[in-house]
Amino acid sequence: MAEPVSVASPRDSGSIVRDGVEISYAVYGDGPATLLLMPTWTIVHSRIWKGQLGYLARHYRVVVFDGRGNGASARPSGAAAYRDDEYARDAAAVLEATSTPRAIVVGLSWGVTWALHLAASHPDRVVGIVGIGASGNIRVTRPARAGAGWEAPSDAGSGWAMYNREFWLTGGYDAFVDFFFARMFAEPHSTKQIEDAVEWAHQTSPEIVADATAGMHGYLGVPVVPLEEVCAEIRCPVLLIHGTQDEISPPAVSERIAALTGGDVVLLQGCGHGPLARDPVRVNRLIRDFADRIAVPTPVRRTTTWTRAARRRRKVLYLSSPIGLGHARRDLAIARELRMRHPDVEISWLAQHPVTAVLEQAGEIVHPASAFLANESRHIEHEAGEHDLHAFQAIRRMDELLVHNFMVFDDVVRDEDFDLVIGDEAWDVDHHLHENPELKRFAFAWMTDFVGWLPMPDGGSREEALTADYNAEMIEQRARFRHVRERSIFVGSPDDVVPHAFGPGLPLIRDWVGENFDFAGYVTGFDPAEVADRERLRGELGYAQGEPLCVVAVGGSGVGEPLLRRVLDAVPLARRAASDLRFVIVAGPRIDPRSLPRRRGSTVKGHVPDLHRHLAVADLAVVQGGLTTCMELTATRTPFLYVPLRHHFEQNFHVRHRLERYRAGDLLPYEEAADPDALAEAIIAGLGRETTRYRPVETDGAARAAAMIAELL
């Protein structure tokens with residue numbers, strides 16, 4: 001599995017060697033205060049902070065390091081190497097190496113113990129502590145861990161009896177890891193958090209985890225200092241965050257530490273031991289509020305302005321998905337219609353490249369905070385293989401980016417007043433608003449052209465279970481928090497919804513969408529009448545009358561490059577059968593045209609802003625299975641071959657279903673397109689193919705969507 005794209009790049013990184021043990025660190029951001037993110041139990045490494053790092057680094061200087069025993073740090077042997085004071089000394093050495101005189105220290109689980117040790121031994125360097133799910137050698141009862149027996153015989157059985165050194169070292173480590181993280185993330189729909197943690201646990205060894213556990217707890221004769229003694233030395237502010245359903249370390253631990261240090265406790269009702277991963281938005285806000293309160297200098301006095309609500313212009317924040325350029329075209333069309341109904345409306349766009357390029361060319365206002373968004377297209381390209389994108393898994397692995405981008409959005413709507421937020425497949429905002437409905441203080445309209453995660457056949461029972469779990473979470477969110485969206489708009493008609501079920505025991509997608517969405521019809525973003533005169537349009541675009549033309553386009557991401565290369569391989573073969581056939585290859589905004597080979601009879605272009613006009617005059621188009629381009633071709637009645645990305649559930653199920661309903665296009669599997677002879681034959685066969693079978697595409701979709709949204713203003 002490819003290493004996921006990170007939301008932040010370190011300003012500095014390196015390692016220190018202390019007492020022969022190498023410790024790897026990195027520094028992010030450059031804010032007014034420094035946060036030190038501590039390691040936790042050796043069973044995971046610093047990626048546990050992935051939901052915090054990007055957000056905090058936008059506001060502060062952040063130092064993070066892998067604890068000894070996992071990640072990029074060394075793995076010493078023996079329990080004595082993993083005593084609490086060793087971790088505190090590692091942290092102090094990292095502060096020294098990064099020229100950090102003072103820091104707010106943030107710890108998870110046993111990392112809170114090490115943060116307290118650091119503050120007790122270096123009170124001048126620790127200005128505050130945030131502890132999440134605190135754990136340590138402190139006198140509280142732990143009823144959830146009944147049956148744990150470190151020194152018990154190796155036939156550990158199940159449950160906490162697996163918390164057993166000999167069991168781990170004799171083949172039971174995998175079973176314990178699965179059990180432990182299911183307890184750490186006991187909240188429903190935590191499959192991704194469990195999956196991540198299990199993967200990290202296998203980047204170290206059971207021997208190292210056993211040594212580290214012995215060193216932490218004082219097993220095998222290792223001396224430990226009771227946490228009560230350490231807490232007595234703490235002089236800085238302390239905030240303890242703890243889930244009430246924590247099955248690893250009970251809230252009583254945080255309450256005891258708070259009583260001994262004079263700290264505050266925030267209980268997260270219904271949360272488990274890993275709220276930083278399961279409820280990152282709430283945790284991020286708590287960390288920032290604490291840091292701002294104790295470490296950020298008082299701002300210079302300034303004058304601010306407040307405008308009475310009745311005197312304010314109507315303000316809209318528009319979020320347009322960056323996965324492809326189709327959203328940008330339809331969103332611009334809807335925005336135009338919205339302005340016709342409310343001429344005074346002020347629309348700002350929170351968007352990413354390549355959408356920002358389209359918006360700027362159209363003269364729209366791109367919100368400055370867009371620069372802080374992590375690029376989702378880059379992540380998708382990173383996940384793709386040769387014309388192969390497992391879209392569901394790619395979006396699951398986008399969780400770090402989605403948290404980061406929601407936090408950018410949250411900062412924007414916290415600092416500014418918006419009457420309305422429109423989200424066109426802004427999955428981050430929709431999901432995290434439902435997880436944190438108290439943050440909503442604006443009307444919210446949500447649009448999508450598909451509903452329902454669907455498993456690919458070769459994904460087996462596991463993928464069936466995962467997609468069903470994601471669907472069930474969405475269904476539960478909508479049932480409980482319908483008020484989060486004032487409008488749910490399906491970009492299409494009821495029959496465009498696939499007839500599948502969301503999963504075993506879940507409703508049919510078509511029935512559920514009919515009950516929960518309004519239907520706008522499809523939004524092409526242009527009037528087909530504008531491109532109906534093909535001869536005139538050909539002349540405007542510089543194409544010769546009567547010259548056979550094949551336009552090849554793969555959308556706004558870089559995922560389609562393999563298909564472009566396959567078509568270019570087929571160009572000479574196709575031109576043997578039709579010597580005057582001309583090819584126009586559109587690379588789009590994220591593929592460098594210079595990287596593609598040249599073929600006689602073909603022209604390679606970069607981004608073509610008015611691509612729909614070129615598609616309208618083609619005798620044949622060859623495209624991916626993206627909905628926007630395929631529906632534009634349907635609307636202009638252009639013959640086309642569409643080659644869905646392998647493992648892309650939306651293109652293979654949702655888009656294919658819609659195209660079959662419109663009786664449009666011809667499906668060409670990539671296995672056939674990858675054969676130059678077969679592809680050339682399909683191109684020749686498709687040239688000028690009769691398209692009277694195509695059903696007409698709605699022309700009023702943008703107006704209907706805008707009318708629904710305008711009511712919210």
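Everything numeric in this text was worked out from a predicted model, so none of it was measured.
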- [ ] Could you check Asp289 against Arg293 for salt bridge (charged side-chain N to carboxylate O under 4.0 Å, His left out), going step by step and ending with a plain yes or no?
- [x] CA-CA 6 Å; Asp289 290 347; Arg293 186 169 70 249; over 6 Å; no
Task: Separation of Glu199 CD from Gln203 CD (nearest 0.5 Å) - done: 5.5 Å
- [ ] Measure from the ring center of Phe649 to the ring center of Phe450 and say whether it is less than 6.0 Å.
- [x] yes
Open item on the list: Please give me the minimum heavy-atom distance between Val224 and Met216, naming the atom from each residue.
Closed with: CG1-O, 3.8 Å
- [ ] Can you see which heavy atom on Ile194 is nearest to which on Ala182, and at what distance?
- [x] CD1-CA, 4.0 Å
Task: Side-chain donor-acceptor contact under 3.5 Å, Arg165 with Tyr219 - done: no
- [ ] For the residue pair Arg61 and Thr100, confirm or rule out a side-chain donor-acceptor distance under 3.5 Å.
- [x] yes
- [ ] Would you sort out whether Glu476 and His189 count as a side chain to side chain donor-acceptor pair (under 3.5 Å), showing the intermediate values?
- [x] CA-CA 11 Å; Glu476 292 164 13; His189 313 300; 2.8 Å; yes
Task: salt_bridge(Arg142, Asp246) N-O dist < 4.0 Å - done: no
Task: Arg282 with Glu435: basic N within carboxylate O range, under 4.0 Å - done: no
Open item on the list: To the closest 0.5 Å, what do you measure between OG1 (Thr34) and OH (Tyr60)?
Closed with: 11.5 Å
Open item on the list: Parallel, tilted or perpendicular, judged at 30° and 60°: which one describes the rings of Trp168 and Phe176?
Closed with: tilted
Task: Interatomic distance, Leu454 atom CG to Glu650 atom CD [nearest 0.5 angstrom] - done: 10.0 Å
Task: Counterpart residues, side-chain contact (heavy atoms from CB on, under 4.5 Å), relative to Glu22 (two or more places apart) - done: Ser15, Val17, Ala74
Open item on the list: Working to the nearest 0.5 angstrom, can you tell me the gap between Asp388 CG and His647 NE2?
Closed with: 5.5 Å
TODO: Would you kindly say whether His434 and Arg478 are connected by a side-chain donor-acceptor distance under 3.5 Å?
DONE: yes
Open item on the list: Classify the ring geometry of Tyr87 against Trp114: parallel below 30°, tilted from 30° to 60°, perpendicular beyond 60°.
Closed with: parallel
- [ ] Any chance you could lay out the side-chain contact (heavy atoms from CB on, under 4.5 Å) test for Leu56 and Trp49, step after step, and finish with the verdict?
- [x] CA-CA 10 Å; Leu56 295 177; Trp49 295 110; over 6 Å; no
TODO: Scan side-chain atoms only and decide if Gln245 and Glu187 contain a donor-acceptor pair under the 3.5 Å cut-off.
DONE: no
- [ ] Of all the heavy-atom pairs spanning Pro275 and Ile132, show the shortest one and how long it is.
- [x] CG-CG2, 3.6 Å
Task: Heavy atoms from other residues, nucleotides or ligands near CZ of Arg102 exceed 12 (cutoff 6.0 Å) - done: no
TODO: Would you please test Asp410 and Arg285 for salt bridge (charged side-chain N to carboxylate O under 4.0 Å, His left out) and show each step?
DONE: CA-CA 10 Å; Asp410 185 52; Arg285 281 177 143 245; 2.8 Å; yes
Task: Ion pair Arg462/Glu195, N-O distance below 4.0 Å - done: yes
Open item on the list: Quick one, Glu207 with Arg75, criterion salt bridge (charged side-chain N to carboxylate O under 4.0 Å, His left out). Give me CA distance, side-chain angles, the key distance, then yes/no.
Closed with: CA-CA 10 Å; Glu207 291 78 10; Arg75 289 151 171 72; over 6 Å; no
Open item on the list: Would Arg125 and Glu96 count as a salt bridge (charged side-chain N to carboxylate O under 4.0 Å, His left out) here? Give the steps.
Closed with: CA-CA 10 Å; Arg125 306 197 81 152; Glu96 190 67 31; 2.8 Å; yes
TODO: Check Ala97 against Ile16 and note the closest heavy-atom contact, atom names and distance.
DONE: CB-CG2, 3.3 Å
Task: Heavy-atom closest pair, residues Ala103 and Leu95 - done: CB-CD2, 4.1 Å
Task: Pair Glu463-His390, side-chain donor/acceptor within less than 3.5 Å - done: yes
- [ ] Can you label the angle between the Phe179 ring and the Trp160 ring as parallel, tilted or perpendicular, going by 30° and 60°?
- [x] perpendicular
Task: Near-ring test His500/Trp453, centroid separation under 6.0 angstrom - done: no
Open item on the list: Whether Asp90 and Arg68 form a salt bridge (side-chain N of Lys/Arg under 4.0 Å from carboxylate O of Asp/Glu) is what I want to check.
Closed with: yes
Open item on the list: In this structure, is the centre-to-centre distance between the rings of Phe392 and Tyr470 below 6.0 Å?
Closed with: yes
- [ ] Ignoring hydrogens and angles, state whether a donor on the side chain of His273 or Ser249 is under 3.5 Å from an acceptor on the partner side chain.
- [x] no
- [ ] Inspect the contact between Asp196 and Lys50 and indicate whether a charged nitrogen and a carboxylate oxygen are less than 4.0 angstrom apart.
- [x] yes
TODO: Could you check Thr113 against Leu227 for side-chain contact (heavy atoms from CB on, under 4.5 Å), going step by step and ending with a plain yes or no?
DONE: CA-CA 7 Å; Thr113 286; Leu227 205 51; 3.6 Å; yes
TODO: Measure up the Phe409 and Phe406 rings against each other and bin them: parallel (under 30°), tilted (30 to 60°), perpendicular (over 60°).
DONE: tilted
Task: Closest non-hydrogen atom pair between Tyr82 and Gly69, with its separation - done: OH-CA, 3.8 Å
Open item on the list: Taking the basic N atoms (NZ, or NE/NH1/NH2) and the acidic carboxylate oxygens, is any pair closer than 4.0 Å for Arg83 and Glu86?
Closed with: yes
TODO: For the pair Arg47 and Asp66, find out whether any cationic side-chain nitrogen is under 4.0 Å from an anionic carboxylate oxygen.
DONE: no
- [ ] Could you tell me whether the side chains of Glu376 and Asn405 share a donor-acceptor contact shorter than 3.5 Å?
- [x] yes
Open item on the list: Could you check whether Asp428 and His404, counting side-chain N and O atoms only, form a donor-acceptor pair closer than 3.5 Å?
Closed with: no
